[in-house]
Number of protein chains: 2
Amino acid sequence: MAALAHDLRMACMRVSRRVRFETTTQLAPHQFSVLVRLSEQPRTAGDLAGQERVTAPSMSRTVGALVERGFVQRAADARDGRVVVLSLTTLGEQVIAQERAQRDAWMAVRLEGLSEDDRAVLRRATALLEEVVAR
Amino acid sequence: MAALAHDLRMACMRVSRRVRFETTTQLAPHQFSVLVRLSEQPRTAGDLAGQERVTAPSMSRTVGALVERGFVQRAADARDGRVVVLSLTTLGEQVIAQERAQRDAWMAVRLEGLSEDDRAVLRRATALLEEVVAR
DNA sequence: TATTGTTATACTCTATAACTATA
DNA sequence: TATAGTTATAGAGTATAACAATA
């Protein structure tokens, strides 16, 4: 089982690495991560900093750059004047959608020509991976 | 098939992201990558720069830091005086081995308790992924 | 003259510390 | 006094441009 853990991990990381290297990126990795978080739901800078494992000042700058580029917008919180709620702009949503489409296309090209059996294996493996990583 | 491409890509990237975030790292990601390349075989700084998609001066600094920390050693090339051949020191090999062991352990913990059937699926999926990504 | 590698300088991302505004 | 966020300053990584050594 140690061999499986190693091989599976390597395979996943290789896919990930190549996707990140080979799909065009209008965004630096840390910026992309933040946009993905915000595409799930609006969040505060503090939340983002915790999720991305960076400090508050660092996230503050990252967010500032994304706001400047028109991908993210700030809004005041009605109940707490200290809080700034961040969310994607329409442009930000478009950029994320484009980037995701490129990444999915990279993967789709590599799955072309697989047999139905092979695809079934990969479907089951995907479900297993999701389940297992949720632990 | 588009759905499979998306889901499989996401699953792989999630595994990769969590491994990178959650295993202790004595090394920054770019340093780790370089040590892995050198663990395969000795290379020149120029080779490394090309493989890692960074410029020569950038790789020069990265290598310099790894040499200073005692993980990498420089050697002259007998046939071409311009060339500097880089390789891992014993300490560098130890560090890489430790880091890999931590990463494999992370994955192994998550595979614990899977049925033999599930593990067979993951084994087949791993082989498919390796094949498919080699394209 | 071309190639390998490094140094010079500037920009970005990160961090710790200090500051502002609100609770 | 504590919390959310930003600004100040400094330490790395990266880039382009310029330089040194060798082919």
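Within every chain, numbering begins at 1; the chains are lettered A, B, ... in the order of the sequence lines, protein sequences first and strands thereafter. Here the structure is a predicted model, which means the values were calculated and not measured.
Distance CG (A:Asp77) to P (D:dT3): 17 Å, rounded to an integer number of Å. Atom CD in B:Glu52 sits roughly 11 Å away from atom P in D:dA15 (whole-Å rounding). If you take CG of A:Leu27 and C1' of C:dT12, they are 15 Å apart, rounded to a whole angstrom. Distance, B:Leu66 CG to C:dT6 P: 13 Å, rounded to whole Å. Rounded to whole angstrom, the span from the NE2 atom of A:His30 across to the P atom of D:dG13 amounts to 16 Å. Residue A:Met59 contributes atom CE, which lies 11 Å from atom P of D:dT6 at whole-angstrom precision. Rounded to whole angstrom, the span from the CZ atom of A:Arg61 across to the P atom of D:dG13 amounts to 17 Å. Rounded to an integer number of Å, the gap from A:Glu68 CD to C:dC11 C1' is 14 Å.
OP1 or OP2 of C:dC13 has not a single side-chain nitrogen or oxygen of A:Arg53 nearer than 4.0 Å. Not one side-chain nitrogen or oxygen of B:Ser60 sits closer than 4.0 Å to the OP1 or OP2 atom of C:dG5. A close approach under 4.0 Å does not occur between any side-chain nitrogen or oxygen of B:Gln31 and OP1 or OP2 of D:dA12. An OP1 or OP2 oxygen of C:dT4 is reached within less than 4.0 angstrom by no side-chain nitrogen or oxygen of B:Arg43.
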Nucleotide-resolved protein contact map, nucleotides 17-23 of chain C, B/S/- at heavy-atom distance under 4.0 Å: B----BS
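Geometrically, B:Arg37 does not engage B:Phe32 in a cation-pi contact, judged by NZ or CZ lying under 6.0 Å from the ring centre and within 45° of the ring axis.
Looking at heavy atoms from C-beta onward, A:Val132 lies in side-chain contact with B:Leu111 at the 4.5 angstrom threshold.
Partner of A:Gln26 under the side-chain hydrogen bond (donor to acceptor under 3.5 Å, both in side chains) criterion, chosen from A:Gln31, A:Gln98, A:Arg69: A:Gln98. Just one of B:Arg124, B:Arg123, B:Glu130 meets the side chain to side chain contact (heavy atoms under 4.5 Å, CB included) condition when paired with B:Thr126; it is B:Glu130.
Salt-bridge annotation for A:Arg17 and B:Glu52: present, with a side-chain N of the basic residue lying under 4.0 Å from a carboxylate O of the acidic one.
Toward the 5′ end of DNA chain D lies the nearest nucleotide of A:Val83, the other residue of the pair A:Ser58 and A:Val83 mapping further downstream. Positionally, the nearest nucleotide of DNA chain C for B:Val63 lies more toward the 5' end than for the other of A:Thr62 and B:Val63.
Counting side-chain heavy-atom gaps under 4.5 Å among Ile, Leu, Val, Met, Phe, Trp and Tyr, B:Phe21 is found in no cluster with other residues.
Side-chain contact, A:Arg43 with A:Ser87: no donor N or O sits under 3.5 Å from an acceptor N or O.
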